[in-house]
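Below is one structure; the comments refer to it alone.
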Amino acid sequence: MKVRTRFAPSPTGVLHLGSVRTALFSWLYARRFDGEFVLRIEDTDRERSTEENVRAIVDGLDWLGLDADAGPFFQTDRFDRYKEVLTAWLDTGKAYHCYCTKEEIDELREQQLASGEKVRYDGRCRDRARPREGVDPVVRFRNPDAGEVVVNDAVRGRVVFDNAQLDDLIIARSNGTPTYNFTVVVDDSDMKITHVIRGDDHLNNTPRQMNMLEALGVDNPVYAHLPMILGPDGAKLSKRHGAVDIRDYRDQGYLPEAMLNYLVRLGWSHGDKELFTTDQMIELFDINDVNQSASAFNPDKLRWINQQHIIRASTERLGEQLVRFLKRSGIPITSGPSPADVAEVFRERAETIQQMADNSRYCFVDFDAIDPKAAKKHLRPVVLEPLKAVRTALAETPDWEKKEIETVIKKIAAEFDINIGKLGQPIRVAVTGGAVSPPIDATVWVIGRSRVIDRLDAAIQIIAARAAASNS
RNA sequence: GCUCCCUUCGUCUAGCGGUUAGGACUCCGCCCUCUCACGGCGGCAACAGGGGUUCGAGUCCCCUAGGGAGUACCA
């Protein structure tokens with residue numbers, strides 16, 4: 001049988017890390033076993049579902065490359081089908097109308113709480129003969145009274161629930177709209193889902209859903225309940241832990257494959273392997289290797305993973321990414337070096353593309369002033385002559401290549417009998433405005449000849465002025 | 001309250017009855033080195049507690065504690 005998994009978010013919120021991990025595992029499983037991945041939007045709660053959230057979900061999945069083979073299907077488009085099942089169940093007694101008021105249910109609940117019983121609906125409307133005046137009824141599913149439901153969960157193992165603990169849950173509201181546990185069952189069945197991979201907050205819903213599947217007369221899918229993702233402090237993941245919306249990570253300069261790599265390692269591992277390409281993940285992933293305990297989100301490790309993926313990304317792609325962030329920061333790219341060259345030079349020292357854009361700013365625009373501390377330390381009168389020599393040599397060197405630039409600098413350092421560090425730092429400060437940059441030959445090369453010459457001239461003037469001042 | 005789930009370094013994890021309990025992130029040294037990174041080497045750091053079972057338990061069973069989920073006309 002063909003594997004079919006699904007991701008079924010509710011558009012009552014944006015796509016966050018936990019849901020992405022769930023989507024990822026479902027997607028990986030489908031890809032691994034040559035199956036299909038279905039996207040279904042569970043929007044039966046019309047009050048809280050929004051168009052923007054649907055957008056957030058679709059955009060997020062799209063960015064990550066978690067492509068669906070079918071859908072998105074919207075549950076609100078399937079109300080006729082739910083109605084059909086509802087009517088059939090009502091006719092055959094598998095479901096019934098319940099006219100209980102909110103007050104009655106509350107009272108029942110109070111009593112049960114007081115006597116230490118499980119809080120559950122007692123089924124008092126099961127055999128009600130006639131409607132109650134002025135009350136729009138809900139529809140309840142008639143759950144079996146006895147026996148047990150065994151969930152053979154792919155990650156949890158065998159979990160047993162007692163039917164006596166379950167109650168007759170509401171499957172249609174008094175306004176006629178169907179509810180979650182019911183629509184899931186109808187959809188998973190209609191869409192021929194073979195593996196239900198979802199958050200473990202649904203483990204408790206599973207026996208009820210299995211009972212309804214039984215009422216529908218269809219087989220159960222394989223269930224796999226994934227542990228939760230917590231915030232760095234072990235508490236439930238929320239806004240105060242940083243970005244909630246997956247798109248925020250995109251905007252902060254994380255690579256989608258790095259995001260996936262980080263997330264796949266939360267609850268899953270393959271020996272000691274830390275870095276995975278998406279293809280490797282597909283090749284190696286199995287739901288049986290997923291562990292059972294919740295894990296905490298660790299931003300430090302995410303950054304490290306992202307850096308490792310940046311180091312391994314193709315120059316072209318890195319260049320394209322860099323352009324996006326440069327533009328967003330308002331840095332003009334037309335008059336500077338090729339972004340791909342810049343990315344190549346900066347790739348080993350950026351944890352995010354945003355950092356890369358920030359750090360390579362001086363390649364595209366002139367800095368306002370040299371960092372005073374760096375100037376004080378490195379632009380001293382002793383380097384005036386060497387710097388002039390460098391300026392002259394760089395202005396004349398025939399080919400603007402890293403190798404040649406390195407040779408020039410080394411040669412001049414030797415001529416003045418100073419070591420390369422004593423000359424490299426002043427050049428660095430002069431051309432970047434700061435004390436930190438990639439290797440000096442690559443830095444000079446990528447900034448480009450005319451900017452380098454101008455900046456060296458400026459630095460030379462500063463030093464000359466300083467020398468004059470200290471001599472007088 | 002009741003039902004269900006979870007518990008190895010600070011964090012992510014390996015382990016599937018016999019290991020000096022391994023790796024990764026973080027942190028700290030050292031090396032590489034023109035700065036910063038990358039990389040390399042080394043260090044700190046864990047089996048929640050208690051009972052069993054067993055010649056032998058991180059691994060199996062039970063209890064306790066702690067954490068989480070559900071108990072909605074939310075999903």
Side-chain angles (χ1 to χ4, degrees), chain A residues 8-13 42-45 47-49 98 102 105 109 112-121 136-140 151 153 156-157 159-162 164-167 169-177 179-181 183-184 199-207 225 227-228 230 232-236 262 265-275 291-305 307-308 311 346-351 359 374 378 406 409-410 413 419-429 432 434-441 443:
Chain A
S10 161
T12 52
E42 311 219 320
D43 56 351
T44 55
D45 182 354
E47 303 280 300
R48 301 195 298 151
S49 299
C98 169
K102 182 97 169 68
I105 300 293
R109 182 193 156 81
Q112 288 169 331
L113 226 38
S115 62
E117 287 173 77
K118 161 106 178 160
V119 175
R120 59 192 285 281
Y121 178 66
D136 288 328
V138 297
V139 178
R140 287 185 187 269
V151 182
D153 195 277
R156 254 60 219 229
V159 184
V160 183
F161 294 86
D162 224 321
Q165 295 293 333
L166 271 26
D167 62 1
L169 89 189
I170 293 170
I171 57 178
R173 304 180 179 92
S174 50
N175 68 6
T177 59
T179 60
Y180 166 76
N181 276 293
T183 56
V184 167
D200 74 1
D201 46 334
H202 289 295
L203 184 54
N204 285 296
N205 290 325
T206 307
H225 288 95
M228 312 226 77
L230 277 16
D233 55 0
K236 209 168 146 189
Y262 175 71
R265 288 284 291 96
L266 255 32
W268 177 84
S269 60
H270 182 75
D272 285 340
K273 195 169 167 59
E274 295 285 352
L275 266 14
N291 73 200
Q292 308 171 31
S293 48
S295 43
F297 169 62
N298 182 343
D300 283 336
K301 187 140 184 184
L302 204 215
R303 277 192 289 273
W304 178 77
I305 298 257
Q307 179 174 39
Q308 293 298 319
I311 287 172
F346 281 81
R347 73 190 313 154
E348 271 177 10
R349 59 215 86 217
E351 287 179 320
N359 295 342
H378 299 292
E406 188 192 0
I409 294 173
K410 276 188 173 158
N419 63 40
I420 189 112
K422 285 271 184 291
L423 184 56
Q425 270 310 80
I427 298 173
R428 171 171 286 115
V429 172
T432 71
V436 172
S437 89
I440 195 62
D441 55 333
T443 303

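What you see below is based on every heavy atom in this structure, not just the backbone, and it leaves out hydrogens, waters and symmetry mates.
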Sugar-phosphate, base or nothing in reach of A:His202, heavy atoms under 4.0 Å: base

Whole-angstrom distance between B:G49 and B:C36, as gauged at atom C1': 48 Å

Sugar-phosphate only, base, or nothing, as touched by A:Ser269 at under 4.0 Å among non-hydrogen atoms: sugar-phosphate

Protein-to-nucleotide contact annotation, 5' to 3' order, nucleotides 19-27 of chain B [B base; S sugar-phosphate only; - none; under 4.0 Å, heavy atom]: ---BBBBS-

Pairing nucleotide - B:G42, Watson-Crick or G-U, each distance under 3.5 Å: B:C28

Sugar-phosphate only, base, or nothing, as touched by A:Pro439 at under 4.0 Å among non-hydrogen atoms: base

Touch class at under 4.0 angstrom, heavy-atom based, for A:Ser174 against every strand present: base

Criterion side chain to side chain contact (heavy atoms under 4.5 Å, CB included) on A:Trp268 and A:Asn291, from CA distance to verdict: CA-CA 6 Å; A:Trp268 177 84; A:Asn291 73 200; over 6 Å; no

Residue A:Gln292, side-chain heavy atoms: nucleotide from B:A69, B:U35, B:C6 that is nearest: B:C6

Sugar-phosphate, base or nothing in reach of A:Lys236, heavy atoms under 4.0 Å: sugar-phosphate

Which nucleotide in B:G68, B:G70, B:C5 has an atom nearest any side-chain atom of A:Asn204: B:G70

Most 5' of A:Phe161 and A:Pro232 on RNA chain B, judged by nearest nucleotide: A:Phe161

Sugar-phosphate only, base, or nothing, as touched by A:Leu266 at under 4.0 Å among non-hydrogen atoms: sugar-phosphate

Pair A:Gln425-A:Arg428, side-chain donor/acceptor within less than 3.5 Å: yes

Sugar-phosphate, base or nothing in reach of A:Val138, heavy atoms under 4.0 Å: base

Watson-Crick or G-U wobble partner of B:A37, both distances under 3.5 Å: none

Rounded distance (Å) that lies between atom C1' of B:G70 and atom CG of A:Asn205: 7 Å

Interatomic distance at P, B:G15 relative to B:G22, whole Å: 14 Å

Strand partner of B:G70, provided both Watson-Crick or wobble distances fall under 3.5 Å: B:C2

Donor-acceptor pair (no angle test) under 3.5 Å: A:Arg349 side chain, B:C38 base: no

Any donor-acceptor N/O pair, A:Tyr262 side chain to A:Asn298 backbone, under 3.5 Å: yes

Base B:C5 paired with A:Arg156 side chain (donor-acceptor, <3.5 Å): no

Sugar-phosphate only, base, or nothing, as touched by A:Gln307 at under 4.0 Å among non-hydrogen atoms: sugar-phosphate

Atom pair CH2/CG of A:Trp304 and A:Leu275 - distance to nearest 0.5 Å: 5.0 Å

Basic-acidic side-chain contact under 4.0 Å: A:Arg156, A:Asp200: yes

Sugar-phosphate only, base, or nothing, as touched by A:Asp441 at under 4.0 Å among non-hydrogen atoms: base

Approximate separation, where rounding is to 0.5 Å, of A:Thr206 OG1 and A:Phe161 CZ: 6.5 Å

Residues forming a side chain to side chain donor-acceptor pair (under 3.5 Å) with A:Asp153, sequence neighbours excluded: A:His225

B:U13 phosphate, OP1 or OP2, under 4.0 Å from A:Asn291 side-chain N/O: yes

Test item: A:Thr443 side-chain N/O and A:Pro438 main-chain N/O as donor-acceptor pair under 3.5 Å: yes

Gap between atom CD1 of A:Ile440 and atom CD of A:Glu406 - 0.5 Å precision: 11.5 Å

Nucleotide nearest A:Thr179 (side chain, heavy atoms from C-beta), chosen from B:A75, B:C5, B:C34: B:A75

Sugar-phosphate only, base, or nothing, as touched by A:Ile440 at under 4.0 Å among non-hydrogen atoms: base

Sugar-phosphate, base or nothing in reach of A:Ala296, heavy atoms under 4.0 Å: sugar-phosphate

Sugar-phosphate only, base, or nothing, as touched by A:Pro227 at under 4.0 Å among non-hydrogen atoms: nothing

Closest to side chain of A:Arg109, choosing from B:C5, B:A75, B:A72: B:A72

Pairing partner (Watson-Crick or G-U wobble, both distances under 3.5 angstrom) of B:A48: B:U64

Sugar-phosphate, base or nothing in reach of A:Thr44, heavy atoms under 4.0 Å: sugar-phosphate

Nearest-0.5 Å distance that lies between atom CZ in A:Phe346 and atom CG in A:Asn359: 6.5 Å

Presence of A:Thr177 side-chain N/O under 4.0 Å of B:C73 phosphate oxygens OP1/OP2: no

Selection from B:C2, B:C6, B:A72 that lies nearest to any side-chain heavy atom of A:Lys118: B:C2

Sugar-phosphate, base or nothing in reach of A:Val160, heavy atoms under 4.0 Å: sugar-phosphate

Closest nucleotide among B:C73, B:U3, B:U13 to the A:Gln165 side chain: B:U3

